[in-house]
Amino acid sequence: MKKVVLAYSGGLDTSCCIQWLKDKGFDVVCFSANLGSEFSPQDLKRRASKSGASKIYVKDLRKEFAYDYILPWLKVGALYEGKYVLSTSLGRPLIAKHLVDVAKKEKAGFVAHGCTGKGNDQVRFEATTAILAPHIKTIAPLREWELTSREEEIEYCKRHGIPIKTTKKKVYSIDKNIWGVSVEGGCLEDLKNEPPENSYYFVKPLAKIKDKAVYVEIEFNKGVPVKLNGKAIDFNSIIDKLNAVGAENGIGRTDCIEDRVVGIKSREIYEAPAAWILYTAHKELEAVTLDRETLFFKEIVAQKYSHLVYQGLWFTKLKESLDAFIEDTQKNVSGNVTLKLYKGNIILAKRSSMNSLYKKELSTYGEGDKFDRTLAEGFIKLWAMPHQR
Ligand code: ARG
């Protein structure tokens with residue numbers, strides 16, 4: 001019997017996938033990864049087997065996600081189109097890598113996913129599989145089957161006795177992990193609509209936030225966040241705590257029009273308080289610890305890096321080479337940044353570093369000025385010389 005390993009979320013789409021694949025003659029093994037969504041291994045196991053899977057693997061990948069995917073991203077600071085912290089995008093290669101590992105272990109010739117035929121995630125899953133295990137074929141039931149609406153899928157489940165969680169009308173499509181929440185669909189598809197109250201997933205709406213600033217201090221060691229408010233805790237805990245305090249203060253919501261890999265412009269609302277707080281703190285620390293040319297070049301790298309992540313090219317030679325360059329730039333990125341969170345704003349309060357390149361004796365307009373201003377005149381003449389008309 002042909003065997004397929006399905007990336008299974010427990011949702012409606014992937015539940016239908018199990019039955020559909022079985023009808024095509026496959027032995028279906030499920031794989032579920034926990035990257036920080038609502039997740040109950042017991043529930044997943046029960047539902048997968050009730051839906052007809054012969055076996056299910058469940059893995060908690062939150063640590064690996066934080067240290068091997070989010071952290072490299074943070075060191076680069078790679079926003080996609082200037083606004084997206086790539087929370088969904090970063091998780092896909094990790095899930096796909098483990099999906100392939102399970103397929104190899106199970107000696108399965110196929111993997112399957114529940115992504116639609118017009119999004120980015122199909123590209124990320126399939127490109128990763130094609131790169132890491134070219135001999136394994138991917139099946140994308142949603143691109144093939146004739147179920148065209150949520151109602152039809154629910155009907156299909158009922159017909160086959162597949163347990164479904166809710167028959168309520170779903171307002172949005174939501175993807176969630178520890179790095180952020182992506183919300184799309186419904187009334188958000190009309191650009192004239194301001195995001196309504198019910199599109200807020202966990203960030204508090206500004207109108208409900210009290211008039212009080214909260215300070216957070218983050219300590220970095222070589223680009224890695226190591227302490228929060230003076231306490232040494234692991235990176236996952238830093239993310240969780242910053243998500244909580246950030247959400248409470250209305251931080252980290254962005255309304256984006258983004259260019260999907262397949263050429264479609266789409267609108268997505270993102271909530272990523274911890275990501276934005278850490279991104280801001282890290283950038284501010286780099287501003288005092290890196291020289292002008294490195295800062296400039298890092299920006300170029302970040303642009304390319306954001307495209308590699310967004311476009312499903314995580315496991316590529318170029319991404320690895322860029323990581324090596326970025327790692328080298330982080331040697332001096334150590335120190336502390338204090339940010340003030342206030343009604344949806346991240347405001348820089350303080351920064352300090354033992355590697356600071358800021359020299360008050362050079363920048364001061366007050367006492368103790370050591371800058372030799374007699375050099376400026378000659379410098380400017382030579383600076384402008386090549387451009388004389
Ligand atoms: N547009 C985002 C990306 O491509 C998120 C995709 C999933 N979004 C969702 N609401 N299910 O990375």
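Read the numbers this way: they start at 1 and go in the same order the structure lists the ligands and their atoms.
Note: Y69 and F65 have tilted aromatic rings, judged against thresholds of 30 and 60 degrees for the angle between ring planes.
A salt bridge links R260 with E184: the distance from a Lys NZ or Arg NE/NH1/NH2 to an Asp or Glu carboxylate oxygen falls below 4.0 Å. Salt bridge E299/K283: present, at least one basic N to carboxylate O contact under 4.0 Å.
More than 12 heavy atoms of other residues, nucleotides or ligands lie within 6.0 Å of OH in Y67, so this atom counts as buried by the packing criterion. In the displayed structure, E361 atom CD is contacted under 6.0 Å by more than 12 heavy atoms of other residues, nucleotides or ligands.
Close contacts of ligand 1 with S89, meaning ligand atoms under 4.0 Å from a residue heavy atom, involve 12 (O). Atoms of ligand 1 lying under 4.0 Å from at least one heavy atom of E268, given by number and element, are 1 (N), 2 (C), 5 (C), 6 (C), 8 (N), 9 (C), 10 (N). Taking every non-hydrogen atom of S173 and a distance limit under 4.0 Å, the qualifying atoms of ligand 1 come out as 9 (C), 10 (N), 11 (N). Each of the following atoms of ligand 1 lies closer than 4.0 Å to a heavy atom of E258: 1 (N), 2 (C), 3 (C), 4 (O).
Summarising the contacts of atom 12 (O) of ligand 1 with Y310, Y84, Y80, the nearest heavy atom is found in Y84.
Ligand 1 has R124 within reach: a non-hydrogen atom of the residue lies less than 4.0 Å from it. Taking 4.0 Å as the cut-off, Y172 does not count as a neighbour of ligand 1 on heavy-atom distance.
For the pair K75 and V224, the minimum side-chain heavy-atom distance is below 4.5 Å.
An N or O contact shorter than 3.5 Å is missing between D121 and ligand 1 by distance. Ligand 1 has no N or O atom lying under 3.5 Å from any N or O atom of T88, backbone or side chain. Of the N or O atoms in N120, one or more lie within a sub-3.5 Å distance of an N or O in ligand 1.
Just one of R92, R124, E126, Q122 meets the side-chain hydrogen bond (donor to acceptor under 3.5 Å, both in side chains) condition when paired with H113; it is E126.
Looking only at heavy atoms of the protein, atom 2 (C) of ligand 1 is closest to Y270 OH, 3.1 Å.
Among residues two or more places apart in sequence or in another chain, the salt bridge (charged side-chain N to carboxylate O under 4.0 Å, His left out) test is passed with K319 by D323.
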